[in-house]
> 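Handing you a structure now.
As the structure is a prediction and not an experimental result, all values here were calculated from the model.
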Amino acid sequence: MRVFVINAYPERREKYDEKYEMYDAVWWEDVSEEEVERHHFRHNCKMELRKKVVACSLSHKRLLQKIIDEDLKNIVIIEDDALIDDFDRLDELENVNEFCYIGGDITSPFLKDMKKFKEEGEKENVRYCCQKGINKIDKDIFKIGQTCGYYIPNKEVCQMILSNIPHGKKERAIDNEYIHLQKKGKINLFMYPAISTLYLKDACQGFSYSTYKLYDDQTLY
């Protein structure tokens, strides 16, 4: 099994050894305004953040295209603010033949309920019901946010993902596009506890920190 790290910042490479393969991310300053225009954002989102979101999406999609072009199999994709907690646990994915999150954030189905979901114990209830190993996303109760780590078994899964992006007139952030695929029943699985956990020193510097308010490495999502 190959583990690709979508790497934007050279200084973040120091924490990775030979078990990881670096994949150069699209740098946000290289994103054109024309590319930004093809994406949907909140009206008050600043241009720098817009470009960083687009760069992240382009990086994931280009790696998916690489998997297709080279007919790669059994691929793990993580971002450069994450680490594989236990490489031996990747063996648990051996018989998984579809997209599977190996890290992320358990959150409410609707953005407006995110704060309530965490503060009123609904997130803890989902965690309590999870079994060790492969679990199914119950899209009526929760969703998996972020794209810090996921498993791709083959190029057919990549083709399915790319053929469903964008799901509207304009493309959204890659994690939101994946959430839409959860809603459509095309992404269904996640590994619990997480195999891909956050390296907080880097994660807290990321552009999504203000949204997710990271307090731990998300071993339990």
Side-chain angles (χ1 to χ4, degrees), residues 4 6 25-26 31 35-45 49-68 75-79 82 96-118 122-123 126 130 134-192 194 196 206-213 218 221:
F4 285 98
I6 296 178
V26 175
V31 173
E35 188 67 58
V36 171
E37 280 300 311
R38 290 195 280 271
H39 288 71
H40 177 273
F41 300 94
R42 299 187 307 271
H43 73 279
N44 60 346
C45 184
L49 178 56
R50 291 180 186 224
K51 288 191 172 186
K52 288 181 176 179
V53 170
V54 173
C56 179
S57 293
L58 288 174
S59 300
H60 281 268
K61 290 191 297 179
R62 289 182 184 182
L63 182 47
L64 295 178
Q65 189 62 52
K66 173 184 173 69
I67 294 171
I68 294 171
I75 301 299
V76 166
I77 298 173
I78 68 172
E79 296 179 335
V96 176
N97 296 311
E98 58 185 283
F99 182 109
C100 183
Y101 285 99
I102 63 167
D105 180 43
I106 292 172
T107 189
S108 58
F110 300 103
L111 185 62
K112 66 181 179 62
D113 299 323
M114 184 183 293
K115 184 177 179 181
K116 174 186 173 184
F117 186 83
K118 292 181 179 180
E122 293 174 64
K123 180 170 185 171
V126 173
C130 289
I134 305 295
N135 286 258
K136 189 167 183 179
I137 300 167
D138 188 334
K139 62 182 183 293
D140 295 324
I141 298 175
F142 67 96
K143 65 187 180 188
I144 303 293
Q146 303 178 15
T147 50
C148 63
Y150 55 93
Y151 169 71
I152 298 286
N154 52 51
K155 67 179 182 181
E156 287 76 19
V157 171
C158 297
Q159 290 166 335
M160 177 276 290
I161 292 170
L162 294 178
S163 68
N164 280 278
I165 295 177
H167 71 270
K169 291 183 179 180
K170 288 193 172 186
E171 188 171 334
R172 295 175 184 262
I174 191 69
D175 59 331
N176 282 322
E177 293 290 348
Y178 285 4
I179 286 168
H180 180 72
L181 290 173
Q182 293 175 44
K183 292 177 180 177
K184 292 181 69 175
K186 294 182 178 294
I187 290 179
N188 300 293
L189 304 180
F190 68 106
M191 178 71 72
Y192 188 87
S196 174
F207 64 83
S208 62
Y209 171 73
S210 60
T211 299
Y212 290 105
K213 295 294 189 298
Q218 293 187 174
Y221 290 76

> What's the separation between atom CZ in Phe99 and atom NZ in Lys186, rounded to the nearest 0.5 Å?
13.5 Å
> Ignoring hydrogens and geometry, is there a side-chain-to-backbone donor-acceptor pair from Ser59 to Val26 under 3.5 Å?
yes
> Are the side chains of Arg50 and Val53 in touch, meaning some heavy atoms are under 4.5 Å apart?
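In short, these two side chains do not touch, never coming nearer than 4.5 Å.
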> Taking atom OG1 of Thr147 and atom CG of Asn176, what is their separation to the nearest 0.5 Å?
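Between Thr147 OG1 and Asn176 CG, I get 10.0 Å after rounding to 0.5 Å.
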> Taking the six-membered ring for Trp, are His167 and His180 parallel (under 30°), tilted (30 to 60°) or perpendicular (over 60°)?
parallel
> Over all heavy atoms of both residues, which pair between Gly149 and Ile78 is shortest? Give the atoms and the distance, please.
CA-CG2, 4.0 Å
> Are the side chains of Leu162 and Ile68 in contact, using a 4.5 Å heavy-atom criterion?
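The answer is yes; the side chains approach within 4.5 Å.
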> For residues Cys100 and Ile134, report the shortest heavy-atom separation together with the two atoms involved.
SG-CD1, 4.0 Å
> Write down the atom of Asn188, the atom of Gly185, and the distance for their closest heavy-atom approach.
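Between these two residues, the closest heavy atoms are ND2-O, 3.0 Å.
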> Quick check on Lys116: does its NZ atom have over 12 non-hydrogen neighbours (other residues, nucleotides or ligands) under 6.0 Å away?
no
> Would you say that Leu58 contacts Glu35 through its side chain, given a criterion of any heavy-atom pair below 4.5 Å between the two side chains?
yes
> Taking atom CD1 of Ile179 and atom CD1 of Ile187, what is their separation to the nearest 0.5 Å?
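Between atom CD1 of Ile179 and atom CD1 of Ile187 there are 9.5 Å.
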> Yes or no on side-chain contact (heavy atoms from CB on, under 4.5 Å) for Leu64 and Ile77, after CA distance, side-chain angles and deciding distance?
CA-CA 9 Å; Leu64 295 178; Ile77 298 173; 4.1 Å; yes
> Can a donor-acceptor pair be found, under 3.5 Å and without considering hydrogens, that links the side chain of Thr107 to the backbone of Lys143?
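Not a single qualifying donor-acceptor pair exists.
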> Could you tell me which non-hydrogen atom of Asp140 sits nearest to which non-hydrogen atom of Pro109, and how far apart they are?
O-CG, 3.8 Å
> Can we say Lys61 and Glu171 salt-bridge, meaning some charged N sits less than 4.0 Å from an Asp/Glu carboxylate O?
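Result for this pair is yes, salt bridge flagged.
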> Under 6.0 Å between the ring centres of Tyr101 and Tyr221?
no
> Before giving the answer on side-chain contact (heavy atoms from CB on, under 4.5 Å), spell out for Ile161 and Ile152 the whole-Å C-alpha distance, their side-chain angles and the decisive distance to 0.1 Å.
CA-CA 10 Å; Ile161 292 170; Ile152 298 286; 4.0 Å; yes
> Determine the minimum heavy-atom distance between Lys123 and Asp105, stating which atoms define it.
NZ-OD1, 2.7 Å
> Working to the nearest 0.5 angstrom, can you tell me the gap between Tyr192 OH and Asn135 CG?
8.5 Å
> Please check: side-chain N/O of Glu177 versus main-chain N/O of Arg172, any donor-acceptor pairing under 3.5 Å?
yes
> Could you give me the CA-CA distance, side-chain angles and deciding distance for Val36 and Phe41, then say whether side-chain contact (heavy atoms from CB on, under 4.5 Å) is met?
CA-CA 9 Å; Val36 171; Phe41 300 94; 3.9 Å; yes
> Hey, what do you get for SG (Cys148) to CD (Gln218), rounding to the nearest 0.5 Å?
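These two atoms lie 6.0 Å from each other.
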> Determine whether a donor-acceptor pair (N or O, by modelled atom type, separation under 3.5 Å) exists between the side chain of Lys139 and the backbone of Gln182.
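No: the side chain of Lys139 does not pair with the backbone of Gln182.
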> Show the nearest heavy-atom pair for residues Lys136 and Phe190, with the distance to one decimal.
O-CE2, 3.7 Å
> Return the set of residues passing ring pair (Phe, Tyr, Trp, His ring centres under 6.0 Å) with Tyr151 (not counting sequence neighbours), or none when no residue passes.
none
> Using the rule given for side-chain contact (heavy atoms from CB on, under 4.5 Å), can you reason through Leu181 versus Met160, listing the C-alpha separation, both sets of side-chain angles and the distance that settles it, and then say yes or no?
CA-CA 10 Å; Leu181 290 173; Met160 177 276 290; 4.3 Å; yes
> Measuring from Ser196:OG to Met191:CE, what's the distance to the nearest 0.5 Å?
12.0 Å
> Let's go through Asn164 and Lys184 carefully: what are the C-alpha distance in whole Å and the side-chain angles of both, what is the deciding distance for side-chain hydrogen bond (donor to acceptor under 3.5 Å, both in side chains) to 0.1 Å, and is it a yes or a no?
CA-CA 10 Å; Asn164 280 278; Lys184 292 181 69 175; 3.0 Å; yes
